[in-house]
Amino acid sequence: CWVCLGGGGCDGLILSGVSDSIVFNNSFCNNGDGTGENGMEVSSCENITISNNTVNQNYVEGIYIHHSSSCVIKFNVVKENTLEGIYVASLDHLTITYNLLQENDYYGIELSLGAENCLIHHNVFIDNYPEGSSQAGDFGTTNTWYDTVKLEGNYWSDYSGEGVYNIDGGSSDPYPLTAPMETEPPIISSVTILPSNPPQTHPTHQTHPT
């Protein structure tokens, strides 16, 4: 496996052949010299979580993830990239939630051929692909654009307020949200351990008020 932190002429971050890792709290913005760079590329990886990153103004995709499985993309800000905000290809089981996708020149999220069993919900799509008919594209198979438990989808700034939100490629969000939700993770203000001085063999219970 290998990891590349990019500079001019390179992606901001490349992960290849990596598993069980987290990419957290980074900024990948305007990488390289305009010759074809992504903010972040994930290739041939498994169980990768991409969280709390800012991925803005890159010359190609913001996040390009392919030939990988069982990954999560959540709580990221992905704005003003030249092509897609998030581009997914040849991938199985990806969850994309609570991201802000805004003013990307092409789709906010595109699932291309080979993208299967992806779950996309509670994302905020604002003014992506202004020349298109949809802010996302789904050209894969068996992908779901809503939370199957809460029956809540995504927020789309161009949603008419009636019916489903149609997604290029033949998919739809059947439960589009009428207002954007918070796309930042909850803050844990304190941690309480009960009991405070437990015996060595006594189980403890932690509470996380927010």
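Sequential numbering from 1 along the given sequence is applied to the chain's residues. All values below come from the heavy atoms of this structure, side chains included, with hydrogens, waters and symmetry mates left out.
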Can you tell me how far apart [atom1] ([X]) and [atom2] ([Y]) are? Round to the nearest 0.5 Å.
| X | Y | atom1 | atom2 | result |
| --- | --- | --- | --- | --- |
| E131 | D105 | CD | CG | 8.5 Å |
| F125 | W156 | CZ | CH2 | 4.0 Å |
| D147 | I120 | CG | CD1 | 12.0 Å |
| E116 | S69 | CD | OG | 11.5 Å |
| E61 | E84 | CD | CD | 4.5 Å |
| S51 | N26 | OG | CG | 10.5 Å |

Between [X] and [Y], which heavy-atom pair has the shortest distance, and what is it?
| X | Y | result |
| --- | --- | --- |
| S68 | S43 | OG-C, 3.7 Å |
| N104 | P130 | O-CD, 4.2 Å |
| L101 | G108 | CD1-O, 3.7 Å |
| P176 | P174 | CD-C, 3.3 Å |
| C71 | C45 | SG-O, 4.4 Å |

Do [X] and [Y] sit in one hydrophobic cluster, given that two such residues count as connected whenever their side-chain heavy atoms are within less than 4.5 Å of each other, even indirectly?
| X | Y | result |
| --- | --- | --- |
| F28 | I109 | yes |
| I167 | I96 | yes |
| V78 | Y106 | no |
| V55 | I50 | yes |
| W145 | I65 | yes |

- prompt: Is the closest side-chain heavy-atom distance between E110 and D168 below 4.5 Å?
  reply: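 E110 vs D168: side chains apart.
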query: With a 4.5 Å heavy-atom cut-off, do Y146 and L151 have their side chains touching?
result: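 A side-chain contact exists here, since the closest heavy-atom pair is under 4.5 Å.
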Sub-3.5 Å donor-acceptor pair from the side chain of [X] to the main-chain atoms of [Y], do we have one?
| X | Y | result |
| --- | --- | --- |
| S112 | V88 | yes |
| N99 | I73 | yes |
| N76 | T54 | no |
| N53 | V23 | yes |
| N38 | Y64 | no |
| N58 | V60 | no |
| N56 | K79 | yes |
| N143 | L111 | no |

I'd like to know if the side chain of [X] pairs up with that of [Y] as donor and acceptor (distance under 3.5 Å, no hydrogens or angles considered).
| X | Y | result |
| --- | --- | --- |
| N117 | T142 | yes |
| E152 | H121 | no |
| N52 | N25 | no |

- request: Provide the full list of side chain to side chain donor-acceptor pair (under 3.5 Å) pairs with a residue in residues 158-167, sequence neighbours left out, each pair given once.
  value: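 Every side chain to side chain donor-acceptor pair (under 3.5 Å) pair that includes a residue of residues 158-167, provided the two are not neighbours, is Q135-D158, D158-Y165.
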- request: Mind checking side chain to side chain contact (heavy atoms under 4.5 Å, CB included) for I126 and listing every partner two or more places apart, or none if nothing turns up?
  value: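 Residues passing side chain to side chain contact (heavy atoms under 4.5 Å, CB included) with I126: L100, Q102, V124, Y155, S157.
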